[in-house]
Visitor: 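The structure that follows is given in the form of structure tokens.
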Amino acid sequence: MISNVVLVLAGFLLATSVCLEASPVEHESELHRISLRQTFSCLNDSGCNPSNLTGYSVPNGVKCVNKVCVCSGSCFTFDKVTSRCGYSTCGWYGPNTTVCTAYAPKSQLTAFLLSFFVMPTGAANFYIGQNGLGGAQLALFLLTFIISYVSCCIKMCAKGSSNEGGKAIFGILSCGTGLISLLIGLIFLAWWIADLVIFANNQRTTGNGCPLTSDL
């Protein structure tokens, strides 16, 4: 019972911390961080247009917020040199059609479902190209199998031992593997909830820094 309460509390605290990361306060601090290095203050959205889009309508991913250019989506990114929006390597923008086409887009919904059903295998992070995170999740999953196998062997040895001292040692080892299994369970639960919150809010990019397609 106590272990279940600990699991729920750990997951709740981690999910809360992730939600706080997505708060408007962070967005404001990001604008402040950008404003410190900018050499240009925009007056309206058109002032943030990439230079070769002068005279065209302002794309949806280009905004002027508090005299700072904010560039989003697959086609635009903040240019540190001009302090305006520039083209991103994540997509192609057609000025005549005003359509942003992402290169090899990854689905937010697919990533969320993979995380929900098979998170321990790291499938969601492998899918979006975050191989480091996916590899860590898979390694932890394989470690769980190894510990479970060792725990079973210890229990079998304890039953087959006729020596009281040996049984005591096997009992201690069994408790140790049990505690390790509980710790891994806590880590998996917290990580699972965190990943679900992150993918639900579309806060994780692909391996090359491109946003996921918002289809959730």
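Count residues from 1 along the sequence. What you see below is based on every heavy atom in this structure, not just the backbone, and it leaves out hydrogens, waters and symmetry mates.
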Visitor: Look at atom CG of N60 and say whether more than 12 heavy atoms of other residues, nucleotides or ligands are closer to it than 6.0 Å.
Guide: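 For N60, atom CG is not crowded (no more than 12 foreign heavy atoms under 6.0 Å).
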Visitor: Determine yes or no for a side-chain-to-main-chain donor-acceptor pair under 3.5 angstrom, with D45 supplying the side chain and C64 the backbone.
Guide: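 Answer holds: yes.
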Visitor: Restricting to non-hydrogen atoms, name the atom on A111 and the atom on I128 that form the minimum distance, rounded to 0.1 Å.
Guide: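 For A111 versus I128, the nearest heavy atoms are CB-CG2, 4.1 Å.
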Visitor: Any idea which heavy atoms bring Q137 and G122 closest together, and the distance?
Guide: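 In terms of heavy atoms, the two residues are closest at OE1-CA, 3.2 Å.
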Visitor: Mind checking the CG-OG spacing from N201 to S214? Nearest 0.5 Å is all I need.
Guide: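 Rounded to the nearest 0.5 Å, the CG-OG separation comes to 10.5 Å.
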Visitor: For residues 105-133, which residue pairs pass the ring pair (Phe, Tyr, Trp, His ring centres under 6.0 Å) check, not counting sequence neighbours?
Guide: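 Only F116-W192 qualify under ring pair (Phe, Tyr, Trp, His ring centres under 6.0 Å).
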Visitor: From D79 CG over to S51 OG, what is the distance, rounded to the nearest 0.5 angstrom?
Guide: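 Here the interatomic distance stands at 8.5 Å.
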Visitor: Do L140 and I193 sit in one hydrophobic cluster, given that two such residues count as connected whenever their side-chain heavy atoms are within less than 4.5 Å of each other, even indirectly?
Guide: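 Same cluster: L140 reaches I193 through Ile, Leu, Val, Met, Phe, Trp or Tyr contacts under 4.5 Å.
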Visitor: Does anything in residues 203-216 pair up under salt bridge (Lys or Arg N to Asp or Glu O under 4.0 Å), and if so which pairs, sequence neighbours excluded?
Guide: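 Counting only pairs at least two positions apart or across chains, the salt bridge (Lys or Arg N to Asp or Glu O under 4.0 Å) contacts touching residues 203-216 are D195-R204.
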Visitor: Specify the closest pair of heavy atoms between S46 and V58, including all atoms of both residues, with the distance to one decimal.
Guide: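 Looking at all heavy atoms of both residues, the shortest contact is CA-CG2, 3.5 Å.
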Visitor: So, taking the atom named CG in N125 and the one named CG in L138, what distance separates them when rounded to the nearest 0.5 Å?
Guide: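 It is 11.5 Å, given to the nearest 0.5 Å.
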Visitor: Counting only heavy atoms not in Y149, do more than 12 fall under 6.0 Å of its OH?
Guide: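 It does not: Y149 OH has 12 such atoms or fewer within range.
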Visitor: Could you walk me through whether S83 and F78 satisfy the side-chain contact (heavy atoms from CB on, under 4.5 Å) test, starting with their C-alpha distance in whole Å, then the side-chain angles of each, then the deciding distance to 0.1 Å, before giving a yes or no?
Guide: CA-CA 7 Å; S83 295; F78 184 79; 4.2 Å; yes
Visitor: For L196 and S115, what are the C-alpha separation, side-chain angles and deciding distance, and is it a side-chain contact (heavy atoms from CB on, under 4.5 Å)?
Guide: CA-CA 7 Å; L196 289 179; S115 183; 4.0 Å; yes
Visitor: Are M119 and F188 side-chain neighbours, meaning at least one heavy-atom pair lies under 4.5 Å?
Guide: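 Yes. Closest side-chain heavy atoms under 4.5 Å.
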Visitor: Grouping I, L, V, M, F, W and Y whenever their side-chain heavy atoms are under 4.5 Å apart, do I187 and F145 come out in a common cluster?
Guide: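 In one cluster with I187: F145, yes.
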Visitor: Quick one: CG on L142 to CD1 on I147, what's the gap to the nearest 0.5 Å?
Guide: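 CD1 of I147 is found 11.5 Å from CG of L142.
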Visitor: Show your reasoning for whether side-chain contact (heavy atoms from CB on, under 4.5 Å) applies to S57 and T98.
Guide: CA-CA 8 Å; S57 58; T98 67; 3.6 Å; yes
Visitor: If you group Ile, Leu, Val, Met, Phe, Trp and Tyr by side-chain heavy-atom gaps below 4.5 Å, do V62 and V65 land in one group?
Guide: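 Unlinked, V62 and V65 end up in two clusters.
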Visitor: Name the atoms and distances for all side-chain donor-acceptor pairs under 3.5 Å in residues 86-93, with sequence neighbours left out.
Guide:
| from | atom 1 | to | atom 2 | distance (Å) |
| --- | --- | --- | --- | --- |
| S88 | OG | S74 | O | 3.4 |
| S88 | OG | C90 | N | 3.0 |

Visitor: Return the OG to CG distance between S181 and L186, rounded to the nearest 0.5 Å.
Guide: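 Output value for this atom pair is 11.0 Å.
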Visitor: So which atom in N49 and which in R84 form the shortest heavy-atom distance, rounded to 0.1 Å?
Guide: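 So the minimum-distance heavy-atom pair works out to O-CD, 4.2 Å.
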Visitor: Is there a path of hydrophobic side-chain contacts, each under 4.5 Å between heavy atoms, that joins V118 and W191?
Guide: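 Yes; W191 is reachable from V118 via cluster members.
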Visitor: Could you tell me whether the SG atom of C85 lies less than 2.5 angstrom from the SG atom of C71?
Guide: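 Answer is yes: C71 pairs with C85 in a disulfide.
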Visitor: Does the C42 SG fall under 2.5 Å from that of C69?
Guide: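 Answer is no, sulfur atoms not closer than 2.5 Å.
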Visitor: Using a 3.5 Å distance criterion without hydrogens, assess whether the side chain of N66 forms a donor-acceptor pair with backbone atoms of V68.
Guide: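 Not a single qualifying donor-acceptor pair exists.
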Visitor: How many angstroms lie between CD1 in I198 and CG in L212, if you round to the nearest 0.5 Å?
Guide: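 Rounded to the nearest 0.5 Å, the CD1-CG separation comes out at 11.5 Å.
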Visitor: Taking all heavy atoms of P120 and all of F141, pick out the closest pair and write down the distance.
Guide: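 Taking every non-hydrogen atom into account, O-CB, 3.2 Å.
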Visitor: Answer whether the closest heavy-atom distance between the side chains of L109 and F199 falls below 4.5 Å.
Guide: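 They are not in contact (no side-chain heavy atoms under 4.5 Å apart), so the answer is no.
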Visitor: Just do the side-chain contact (heavy atoms from CB on, under 4.5 Å) check on Q130 and T205 with the steps written out, would you?
Guide: CA-CA 8 Å; Q130 292 284 2; T205 60; 4.1 Å; yes
